[in-house]
Amino acid sequence: MTLSRRSSLFLLAFAVWTWVIWPNFLRNIWNDPRSWTDGGGPTSFFTVHLLLVLASLAFGTVIGVIGWRGWRAARARD
């Protein structure tokens with residue numbers, strides 16, 4: 001399958017967006033009082049959101065790699 005430069009650029013933009021937004025979201029969840037028990041341990045609220053952030057960052061990374069490879073292949077074709 002061949003990606004156009006436009007599609008590759010969209011995938012790269014999505015990856016950058018993911019890496020800008022989700023770490024900030026994690027900081028906000030970390031500071032939320034619902035995230036920690038009185039003893040200092042994480043709550044299920046925190047655990048679920050942490051898994052959401054980790055999955056999103058993993059998907060964003062994979063999408064970024066696909067976009068980067070598509071961009072390089074499109075440049076090589078031209």
Side-chain angles (χ1 to χ4, degrees):
M1 179 174 135
T2 304
L3 291 174
S4 67
R5 279 188 173 194
R6 186 175 183 182
S7 297
S8 298
L9 188 59
F10 175 78
L11 294 176
L12 286 169
F14 179 84
V16 169
W17 172 261
T18 298
W19 276 94
V20 167
I21 294 300
W22 286 103
N24 186 45
F25 180 77
L26 182 59
R27 274 190 297 276
N28 291 336
I29 294 298
W30 187 280
N31 293 325
D32 192 310
R34 296 174 291 177
S35 295
W36 307 101
T37 63
D38 291 334
T43 62
S44 57
F45 172 82
F46 177 78
T47 304
V48 166
H49 285 88
L50 176 64
L51 293 174
L52 177 66
V53 169
L54 293 175
S56 295
L57 291 175
F59 288 133
T61 301
V62 170
I63 288 169
V65 168
I66 292 169
W68 177 251
R69 288 181 180 178
W71 178 263
R72 284 188 16 210
R75 248 180 58 183
R77 282 193 311 268
D78 296 340

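The two atoms that bring P23 and T18 nearest to each other are CD-O, 3.8 Å, heavy atoms only. For S8 against G70, the heavy-atom pair with the smallest separation is OG-C, 3.1 Å. Nearest approach of I63 to F14, heavy atoms of both residues: CD1-CE2, 3.5 Å.
For W19, there are no ring-ring contact (aromatic ring centres under 6.0 Å, His included) partners two or more places apart in sequence or in a different chain.
Atom OG1 of T61 sits about 11.0 Å away from atom CD1 of I66, to the nearest 0.5 Å. Distance check, rounded to the nearest 0.5 Å: CG of N28 to NE2 of H49 gives 11.0 Å. If you take CG on L3 and CG on L9, they are separated by 11.5 Å, rounding to the nearest 0.5 Å. Rounding to the nearest 0.5 Å gives a distance of 10.5 Å between CD1 of I29 and CG of N24. S7 contributes atom OG, which lies 11.0 Å from atom CG of L12 (distance to the nearest 0.5 angstrom).
If you look at F25 and W22, their ring centroids are closer than 6.0 Å.
A single hydrophobic cluster is not seen to contain both I21 and L57; linkage of ILVMFWY side chains at heavy-atom distances under 4.5 Å, directly or through other members, places them apart. Under the 4.5 Å side-chain heavy-atom criterion for Ile, Leu, Val, Met, Phe, Trp and Tyr, F59 and V16 are members of distinct hydrophobic clusters. Both W30 and L54 are members of a single hydrophobic cluster when ILVMFWY side chains are connected at heavy-atom separations under 4.5 Å. L52 and V48 fall into different hydrophobic clusters, where Ile, Leu, Val, Met, Phe, Trp and Tyr side chains are chained together by heavy-atom contacts under 4.5 Å.
Taking a 6.0 Å sphere around CZ of R77, one finds it holds more than 12 heavy atoms contributed by other residues, nucleotides or ligands. By the 6.0 Å contact criterion, CZ on R72 is open, its count of non-hydrogen atoms from other residues, nucleotides or ligands being 12 or less. Taking a 6.0 Å sphere around CZ of F46, one finds it holds more than 12 heavy atoms contributed by other residues, nucleotides or ligands.
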